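Atoms within a ligand are numbered from 1 in the order they appear, just like the ligands themselves. Every value quoted in this text rests on a predicted model; they were computed, and no experiment measured them. We're numbering straight along the sequence, starting at 1.
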Amino acid sequence: MKQYKMFINGEWISSANNQFIESLNPYNREIWATIPEAGKQDVEKAIEAANYSFHNGWKQTSGYKRARKMNKLASLIEKNADKLAEIETKDNGKVTRETYKQMFFAARAYRFFAGYADKIGGETIPLDNTEMFDYTVREPIGVAVLITSWNSPIQLLTNKLAPALAAGNSVIIKPSEHASASTLEIMKLIEQSDFPKGVVNCVTGGGEIGELLTQSSNVSKISFTGGLNAARYIGKNAAENFVPLTLELGGKSPNIIFEDADLEKAVPGAMAGIFASSGQTCIAGSRLFLHESIVDQVSKELKVKSENIVLGDPTDKKTEMGPIANETQYNSIKAMLKETEDEGAKILTGGLAERKSKGLFIHPTIIVDSNNSMKVAQNEIFGPILTIIPFKDEKEVVQLANDSIYGLASGIWTQNLARAHRVAKQIEAGTVWINTYRASAVQAPFGGMKHSGYGKERGLHALLDYTKVKNVMIDLSEDVRDPFSIKI
Ligand SMILES: NC(=O)C1=CN([C@@H]2O[C@H](COP(=O)(O)OP(=O)(O)OC[C@H]3O[C@@H](n4cnc5c(N)ncnc54)[C@H](OP(=O)(O)O)[C@@H]3O)[C@@H](O)[C@H]2O)C=CC1
Ligand SMILES: CCCCCC/C=C/C(=O)O
């Protein structure tokens, strides 16, 4: 049994009250590691360490020096990709064919943001009064709290940590209690990358630890990936202390296939949208809108293909879908499937079939005879459940696609260029994929609209979200000013 420790102020520590959480492998349902369960004392220690490091050196460190450490971290991630992928898979059941690739994507992100670290400049601003000189500087915000979910711990962490460090902030990380191990493995690499102690801290434990962190008046930025309920608490806490917030929340993303689409590409695209990661991804294309003329053909193809998906050991390269990441999520998916049947929608394939192995498996499931108002089409399931909804024309499908509280991602499949742009313009979502789905790039800003959150991760937008702008105005004239009137 592996016994992890937390990383606070450059030291590896157990929780002050010696409590811990057990980590369960969702494939064999064996407890394989223990993680410290932090208490108030540990949280306070992390906040103090992060503030001390920020004010005593880190905020004055040059971008070039920050970049060198980040590039070192990137190389270490690449070197340890196998091990990191294996640990992440053990913790959340995501297939290693994806987790392994994600490690190189993470390394790429650290390099991308490292490239920006020594280029965070300001602007000189021409004023109406030409005897005044005005410029801006971008400064790090201070101590950032980074809270992540269990579905892709390293990727979600990287989306936050890379821009936060590039901009010169100190951080306190709180991974999900369901999958903290890979984040703690990253802390080992942080230690080897020569970041000053206290710049990167990681406290582990449940939601109450996140609550304590976000209630603190000694943090200056919060970035959260998770669900709506926790986001509401965090939003209130952030508002109490006027702390800027980035929220990456859920989705119920529309994937639209028009009658003129190249179905050879669109069908695997629809599958990538919902069955990759066993559907446990915020960008899941869980609502598949099919033009009425292709519903029968595409449904049949999807049924056959999804019944051939290889479920099994997530560490086996041949496995396409691993287990559901944890018992809570597994039970929540099962409850939603039951509700779907009660609502009168039909399960074309998959559903609540008994699992043959010990693991927490849910078969790839396709729902038909449903409409966009049903709960299965409105509630985020975070599992391999695809709802097929027919549509008549462009106008109707845009209205249906936007009829959701969420606005994270979307897909459009068509060979008509004008239609692709027209629909992209009308869709209320932070990401629109055209003739692809679940494609990723470190340069492209990612983040939701509506209840999917606000703020951006990845790309230059993410970096700027970890900076604050200061304006400096200098009077170059020899004038003695009128004290009782504004100077313009
Ligand atoms: N937009 C995006 O980029 C992504 C969004 N998500 C969304 O995340 C959700 C699923 O993740 P899940 O982990 O179950 O979500 P939760 O909101 O339950 O948890 C997310 C993180 O927040 C912590 N947390 C829980 N309650 C609080 C609180 N009151 N204050 C501070 N922190 C808290 C959790 O701790 P703990 O788990 O230890 O209790 C965890 O670390 C889905 O809605 C999904 O769509 C997921 C991936 C990507
Ligand atoms: C443009 C894609 C960004 C995805 C960020 C979070 C998703 C995690 C996952 O799919 O596992």
Side-chain angles (χ1 to χ4, degrees), residues 21 35 37-38 43 88 92 94-95 98-99 101-102 105-106 109 145-160 173-180 183 203-216 222-238 245-253 272-274 276-286 325-326 328-329 332 379-383 406-411 429-433 436-449 451-459 462:
I21 299 165
I35 308 286
E37 185 169 23
V43 169
E88 185 139 311
N92 70 1
K94 189 187 268 252
V95 287
E98 170 146 321
T99 47
K101 227 170 148 179
Q102 281 187 335
F105 190 76
V145 168
L146 315 178
I147 302 177
T148 53
S149 175
W150 43 262
N151 60 327
S152 275
I154 291 185
Q155 187 182 180
L156 301 180
L157 171 66
T158 304
N159 285 345
K160 303 176 190 310
I173 298 156
K174 207 303 273 174
S176 165
E177 63 187 319
H178 298 294
S180 301
T183 301
V203 270
T204 50
E208 59 289 354
I209 298 307
E211 187 85 45
L212 286 173
L213 284 166
T214 58
Q215 280 166 350
S216 170
I222 300 169
S223 178
F224 170 78
T225 295
L228 297 186
N229 288 340
R232 288 198 174 95
Y233 282 110
I234 292 170
K236 285 180 192 151
N237 290 339
L245 185 58
T246 298
L247 291 177
E248 293 296 346
L249 310 178
K252 194 74 197 177
S253 299
I274 190 67
S277 272
S278 304
Q280 301 167 103
T281 146
C282 49
I283 49 179
S286 48
N326 56 66
T328 317
Q329 187 56 20
S332 143
N379 296 340
E380 183 183 45
I381 299 178
F382 225 60
Y406 295 108
L408 191 59
S410 58
T431 292
V432 180
W433 284 293
T436 185
Y437 202 94
R438 205 164 178 261
S440 253
V442 293
Q443 299 88 349
F446 168 72
M449 296 179 179
H451 286 205
S452 293
Y454 47 76
K456 292 289 173 197
E457 302 206 305
R458 303 187 176 170

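Atom 5 (C) of ligand 2 has as its closest protein heavy atom F446 CE2, 3.5 Å. Distance from atom 2 (C) of ligand 2 to its nearest protein heavy atom, with residue and atom name: S440 OG, 3.5 Å. For atom 7 (C) of ligand 2, the nearest protein heavy atom (residue, atom name, distance) is C282 SG, 3.8 Å. From the protein, the heavy atom lying nearest to atom 45 (O) of ligand 1 is E380 OE2, 2.6 Å. Ranking the protein heavy atoms by distance from atom 11 (O) of ligand 2 puts S152 OG, 2.5 Å first.
Close approach of ligand 2 to R458 is summarised as follows: ligand atoms under 4.0 Å from at least one heavy atom of the residue are 1 (C), 2 (C), 3 (C), 5 (C). Set against the non-hydrogen atoms of F382, the atoms of ligand 1 under 4.0 Å away are 42 (C), 44 (C), 45 (O), 46 (C). Taking every non-hydrogen atom of K94 and a distance limit under 4.0 Å, the qualifying atoms of ligand 2 come out as 11 (O). Within ligand 1, counting atoms from 1 as listed, the ones closer than 4.0 Å to a heavy atom of I234 are 30 (N), 31 (C), 32 (N). Every atom of ligand 1 with a heavy atom of G210 under 4.0 Å away is listed here by number and element: 30 (N), 31 (C), 32 (N). Distances below 4.0 Å separate heavy atoms of L156 from the following atoms of ligand 1: 47 (C), 48 (C). Below 4.0 Å from some heavy atom of A439 lie the following atoms of ligand 2, by number and element: 1 (C). Taking every non-hydrogen atom of L408 and a distance limit under 4.0 Å, the qualifying atoms of ligand 1 come out as 1 (N). Remark: ligand 1 atoms within the under-4.0 Å shell around heavy atoms of K174 are 34 (C), 35 (O), 36 (P), 38 (O), 40 (C), 41 (O). Distances below 4.0 Å separate heavy atoms of T281 from the following atoms of ligand 2: 9 (C), 10 (O).
Interatomic distance, NZ of K160 versus OG1 of T225, reported as 2.5 Å (0.5 Å rounding).
Among all heavy-atom pairs drawn from S253 and C282, the shortest one is OG-O, 4.5 Å.
Counting heavy atoms under 4.0 Å from ligand 1, residue I147 touches it through the side chain alone. Only backbone heavy atoms of P175 (N, CA, C or O) come within less than 4.0 Å of ligand 1; its side chain stays farther off. Residue contacts with ligand 1 for L213 are absent, since no atom lies close enough (heavy atoms, distance under 4.0 Å).
Each of N151, I147, L146 was scored for a side chain to side chain contact (heavy atoms under 4.5 Å, CB included) with L156, with one residue passing: N151.
In this structure, atom 13 (O) of ligand 1 has protein heavy atoms in its sub-4.0 angstrom surroundings.
At least one N or O atom of R438, backbone or side chain, sits closer than 3.5 Å to an N or O atom of ligand 2. Of the N or O atoms in N159, none lie within a sub-3.5 Å distance of an N or O in ligand 2.
The closest approach between a heavy atom of L156 and any atom of ligand 2 is below 4.0 Å. By the 4.0 Å heavy-atom criterion, S180 is excluded from the residues contacting ligand 1.
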